Student: 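Sharing a structure, written as structure tokens. Questions coming.
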Amino acid sequence: MINVLRRKLSFAIRSWQHGGYPSHFVTNRPAPQSAVDIFKGEWGAKIPLEGVVSGNSPLFEDDRVLRLIHGESVEGLDVLELGPLEGAHSCMLERMGARSVCAVEANSRAYLKCLVTKEIMGLKRTSFLLGDVYGHLQASVDNYDILLAIGIVYHLRDPQKLFELAGPRVKPGGRLLLWTHYWSPAVAEFPALQGRFSTQRAVSLPDGTSTTLHRHEYGASIFAKGFFGGNSSYSEWMTREGLINAAAASGFRIELDEDLEHNHGPSILASFRKI
């Protein structure tokens, strides 16, 4: 009896210390919403499953991906995706018929959301890897038909390295597809970017030319659970011209070069062909 009382007292004390019974246990029947709710309030994408409440962005039917594919089939192709965030674009690519999708994500919470997406959307040919994209590109010996980089370049330090490291990983005739913000004097007109930029520096490209990087500070936003940025306290933005030149210096020929309106600053949608 004394041991029983001790256990009850111990439970009462621990329950009080932790604010009640541990919240990570689920008592309702298995359902996609239960998995999604592990990250309740953190989702950006609207998951296209009836009755599932997630985010609001239509990333599972993202027009940017459709425009980048630009009428070319991905059927039977191998794709490397950098920064999948929540797996929405990975899902699009698999459903378009990609033979394989390897998606590399540095944010551990975003990576776990990708695994939720993989399970509830039934993805079979997509693999998610947790780690730094530069580390993967440097270590990988695989070659891909498509490298997809949507919303990641402006979250990197030394973003010119992405093009240099991507060159050997994309097959001749393959494509580098990207959407990214870029720096221009117009960034001062966007409230979300005011006070974010500090210094700038010049870096060399493989062809001997140089380009300028503009330091972008994340500030305290990096501590938020729903933070969608990079794995450092700051990133570096390239100019529009710098992005195109960096790709060309690493063996890519531009085929699509289009500005898109965005409320967080100037952005470019671009498709490059590996020469």
Side-chain angles (χ1 to χ4, degrees), residues 22-66 68 74 79-96 98 100-137 146-156 162 177-181 192 218 220-233 235 262 264:
S23 60
H24 52 267
F25 287 99
V26 176
T27 57
N28 56 305
R29 65 178 179 83
Q33 188 66 58
S34 297
V36 171
D37 282 348
I38 296 172
F39 302 100
K40 190 173 185 177
E42 296 182 37
W43 289 87
K46 179 177 175 58
I47 298 173
L49 290 178
E50 186 176 356
V52 171
V53 178
S54 52
N56 296 314
S57 297
L59 297 180
F60 282 83
E61 47 189 32
D62 196 333
D63 183 60
R64 293 173 299 180
V65 175
L66 300 177
L68 284 170
V74 300
V79 181
L80 174 62
E81 181 184 4
L82 304 182
L85 186 61
E86 295 170 351
H89 298 149
S90 315
C91 187
M92 289 183 69
L93 291 165
E94 180 167 322
R95 293 192 168 181
M96 289 177 183
S100 70
V101 180
C102 176
V104 184
E105 177 58 59
N107 183 322
S108 59
R109 295 186 73 82
Y111 168 75
L112 292 174
K113 284 193 279 185
C114 286
L115 297 187
V116 171
T117 295
K118 180 176 182 177
E119 189 64 29
I120 66 176
M121 299 301 291
L123 302 185
K124 304 299 183 186
R125 301 187 305 279
T126 299
S127 299
F128 293 104
L129 304 178
L130 176 62
D132 180 69
V133 295
Y134 287 165
H136 178 75
L137 288 169
I146 293 176
L147 192 155
L148 182 68
I150 291 185
I152 183 174
V153 177
Y154 66 99
H155 285 308
L156 299 173
L162 182 141
L177 309 176
L178 70 83
W179 172 85
T180 183
H181 287 300
Y218 287 119
S221 64
I222 198 169
F223 297 103
K225 283 186 177 180
F227 177 70
F228 289 161
N231 57 2
S232 179
S233 61
S235 63
H262 197 283
H264 286 164

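Quick caveat: nothing in here was measured; it's all calculated off a predicted structure.
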Student: Check the surroundings of atom CG in N56: do more than 12 heavy atoms from other residues, nucleotides or ligands lie under 6.0 Å from it?
Tutor: no

Student: State whether a side-chain donor-acceptor pair under 3.5 Å links T117 with E86.
Tutor: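 Per modelled atom types, T117 and E86 side chains form no pair under 3.5 Å.
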
Student: Drop me the distance from I152's CD1 to L178's CG, to the nearest 0.5 angstrom.
Tutor: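 Going from CD1 on I152 over to CG on L178, the span is 10.5 Å.
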
Student: Are any non-hydrogen side-chain atoms of L156 and V133 less than 4.5 angstrom apart?
Tutor: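 Counting from C-beta outward, L156 and V133 do come under 4.5 Å.
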
Student: Say whether, by atom type as modelled, one donor and one acceptor occur between the side chain of K118 and the main chain of T126 under 3.5 angstrom.
Tutor: yes

Student: Begin from the C-alpha positions of V116 and W43 and carry the test side-chain contact (heavy atoms from CB on, under 4.5 Å) through to its verdict.
Tutor: CA-CA 11 Å; V116 171; W43 289 87; 4.1 Å; yes

Student: Enter the distance from C114:SG to E119:CD here, rounded to the nearest 0.5 Å.
Tutor: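 One finds 13.5 Å between SG of C114 and CD of E119.
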
Student: Using every non-hydrogen atom in the two residues, find where K113 and F39 come nearest and quote the distance to one decimal.
Tutor: CG-CD1, 3.4 Å

Student: Quick one: CD on E81 to CZ on F128, what's the gap to the nearest 0.5 Å?
Tutor: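 So the gap between those two atoms works out to 7.0 Å.
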
Student: Mind checking whether L68 and I150 have side chains closer than 4.5 Å, heavy atoms only?
Tutor: yes

Student: Please lay out, stage by stage, how L59 and R64 fare under the test side-chain contact (heavy atoms from CB on, under 4.5 Å).
Tutor: CA-CA 9 Å; L59 297 180; R64 293 173 299 180; 3.8 Å; yes

Student: Under 3.5 Å, side chain of N107 to main-chain N/O of F227, donor-acceptor pair present?
Tutor: yes

Student: Evaluate the criterion ring pair (Phe, Tyr, Trp, His ring centres under 6.0 Å) for residue pair W179 and H89; output intermediate values, then yes/no.
Tutor: CA-CA 12 Å; W179 172 85; H89 298 149; 9.5 Å; no

Student: Is the shortest side-chain heavy-atom distance between V26 and D37 below 4.5 Å?
Tutor: no

Student: Can you tell me how far apart NE2 (H155) and OG (S232) are? Round to the nearest 0.5 Å.
Tutor: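 One finds 12.5 Å between NE2 of H155 and OG of S232.
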
Student: Supply the atom-to-atom distance I222 CD1 to S233 OG, rounded to the nearest 0.5 angstrom.
Tutor: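 Going from CD1 on I222 over to OG on S233, the span is 6.0 Å.
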
Student: Might you work through the side-chain contact (heavy atoms from CB on, under 4.5 Å) test for S235 and Y154, ending with a clear yes or no?
Tutor: CA-CA 7 Å; S235 63; Y154 66 99; 5.6 Å; no

Student: Which word best sums up how the rings of H264 and H181 line up, parallel for under 30°, tilted for 30 to 60°, or perpendicular for over 60°?
Tutor: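 Tilted: the ring planes of H264 and H181 meet at 30° to 60°.
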
Student: Could you walk me through whether M121 and L49 pass side-chain contact (heavy atoms from CB on, under 4.5 Å), step by step?
Tutor: CA-CA 8 Å; M121 299 301 291; L49 290 178; 3.8 Å; yes

Student: Rounded to the nearest 0.5 Å, what separation is found between the SG atom of C102 and the CZ atom of R125?
Tutor: 14.5 Å

